[in-house]
Amino acid sequence: MSRLRSLTALLALAALAACESGSGGAGDSGVAAGSSGMQRRMGTYTTVALTADTTSLTPRERQMIPLLIDAAKAMEPIYWEQAWGSRDSLLAQVTDPAVRRYIDINYGPYDRLDNNVAFVPEIGTRPPGANLYPGDITKEEFEAAVSAGPPARADSLKSLYTLVRRDADRKLYAIPYHVAFKSQNEIASAKLREAAKLADDPGLRRYLELRAEALLSDDYQASDLAWMDMKNNSIDIIIGPIETYEDELFGYKAANEAYVLIKDKAWSQRLSRYAALLPSLQRGIPVEAKYKRESPGTDSDLNAYDAIFYAGQANAGSKTIAINLPNDEEVQLKKGTRRLQLKNVMQAKFDKILIPIANELVAPDQLPMVSFDAFFNNVMFHEVAHGLGIKNTINGKGPVRTALKERASALEEGKADILGLYMIQKLSETGELEDANMQNNYVTFLASLFRSIRFGGASAHGRANIAAFNFLRGEGAFARDSATNTYRVDFPKFQAGMNALAAKILTMQGDGDYAGVVAFMEKYGTIGADLQRDLDRLTARSIPVDVVFEQGMSVLR
């Protein structure tokens, strides 16, 4: 299922080790593809060991961990096929160790932190549909195929869980994931079943058994519901085709990933009381009533975890520090969602990335307002905010996700960012979040915008934060001081801008306004010259953009 590569590209790959000055394309960062350029690219990451204290786990739980990690590893070759094609065929053409390592970090030859620019000379432009569709497909061809066939064929082509390919007559057809990736799914399924036998918690055992079945059928709803019902587990695994970020053609196709996690029960208990507040928070969001008529499920919960293994899409490029799942709209409306704060990864990014960025770009008098508590709350309520707003358009266009197509992911991330901040404001006002200091949250939010913008336009999170930065700046929420080359928050204007941005995004989602989202991103989704100069300063100071992991059983205590 790999895309065919030209002889020119393969020869370029074979010669790459000898390249001292690259001629490959460069994105906004202007990083070359040669040896010095590769050193700079590698410098955008800092290494973090995914350690966690397992002494609180039972002996049977500790026996489960290597089984769950093995299940997660089975997602790796699946994601490689979805993102690029054959990993082994690509790496066989490269001898330079740094290039091979960077290919592994990016799951292909495109730099995920540099707008998916090819860092391998002559490799060509990344197809927007990755390897989920034929590389030369057009939107018009796909939509014509969907319109021409019976409903069942249209559904299979648009399914979250199919690859789209061409037959001998160049007609499009769909291959279910459980067929295309049968052998790896069978490996993962067997490991999950083996782990389920060791699970003392009945909720965890049932989830693992149902997830094992789902990998072999592509029917994930029952296991999603079981995951939501699971409350007392000490360990967890999120596994399967989940997020649609890889599909920049339509946003229809989910890609495979996995996280293996250990719950921090003390921190989770602190967070649990916010779940009951979701319905009242939904009623108060700053938008017309018709855009908040849905009621979130009341079984939503918040938990803190230490991550011990990332695989597949979760491990590609920028690494998430919090999770909000399931994505199934029916499950969300029935059960809500679960928000998982990955506190060991969050702390590492705060220490190694956010604080150095703030030292460079935040006004000196506001620098003390950048705090880990504010960062944690901003991230936590970002995930809560995914469950709020509206999941289905108000005008019959269907789910927001399908109405907005490939534009849905970035807009949803933007909604979660700004609406999460709004929720902290409201909870602080009512005394439900006693430790919140909104000035700290606003300044920390601004510092984190810089952090996420550096993920680039190829990332849904990066696109969302570029647009938020430009919109809020236009509202006067903050201003750049040319004397110090730093940014200062205007607190009253920040709050007003926050409300305006939340209302704008929620309205576009509820209307399923695809054209409106395109226009919004065209207006706000570009990095301006002065912002780019400030981002370049961060690079010049060798401040990393993101993290790569040392992970697995060898690094666990």
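All values below were derived from every heavy atom in this structure, side-chain atoms included, with hydrogens, water molecules and symmetry-related copies excluded.
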Pair [X] + [Y]: basic N to acidic O under 4.0 Å:
| X | Y | answer |
| --- | --- | --- |
| Glu246 | Lys253 | no |
| Glu209 | Lys197 | no |
| Arg407 | Asp513 | no |
| Asp136 | Arg166 | yes |

Just checking [X] against [Y], ring centres under 6.0 Å apart?
| X | Y | value |
| --- | --- | --- |
| Phe469 | Tyr524 | no |
| Tyr79 | Tyr107 | yes |
| Tyr161 | Tyr220 | yes |

- [ ] Let me know which of Leu68, Ile308, Leu340 forms a side chain to side chain contact (heavy atoms under 4.5 Å, CB included) with Leu261.
- [x] Leu340
Open item on the list: Just verifying a value: how many Å separate Met75 CE and Ile242 CD1, rounded to the nearest 0.5 Å?
Closed with: 9.5 Å
TODO: Return the orientation label for the Phe142 and Phe250 ring planes: parallel under 30°, perpendicular over 60°, tilted otherwise.
DONE: tilted
TODO: Please work out which of the three classes, parallel, tilted or perpendicular, describes the rings of Tyr102 and Tyr45, given edges at 30° and 60°.
DONE: perpendicular
Task: Verdict with reasoning, Glu412 to Lys415, per salt bridge (Lys or Arg N to Asp or Glu O under 4.0 Å) - done: CA-CA 5 Å; Glu412 175 63 21; Lys415 179 206 80 174; 3.0 Å; yes
Open item on the list: Walk me through whether Asp229 and Lys335 qualify under salt bridge (Lys or Arg N to Asp or Glu O under 4.0 Å).
Closed with: CA-CA 8 Å; Asp229 289 336; Lys335 293 283 189 180; 2.9 Å; yes
Open item on the list: Both conditions, 6.0 Å and 45 degrees, for the charged tip of Arg211 above the ring of Trp227: are they met here?
Closed with: no
Open item on the list: I want to check a possible cation-pi pair here: Lys319 against Tyr310, using under 6.0 Å from ring centre and within 45° of the ring axis as the test.
Closed with: no
- [ ] List the steps and the verdict of salt bridge (Lys or Arg N to Asp or Glu O under 4.0 Å) for Lys182 and Glu186.
- [x] CA-CA 6 Å; Lys182 184 175 185 290; Glu186 286 178 342; 2.6 Å; yes
TODO: Determine, step by step, whether Lys263 and Asp306 satisfy the salt bridge (Lys or Arg N to Asp or Glu O under 4.0 Å) criterion, reporting the C-alpha distance in whole Å, the side-chain angles of both residues, the deciding distance to 0.1 Å, and the verdict.
DONE: CA-CA 6 Å; Lys263 184 183 287 186; Asp306 283 331; over 6 Å; no
Task: Modelled atom types, side-chain donor and acceptor of His178 and Asn185, under 3.5 Å - done: no
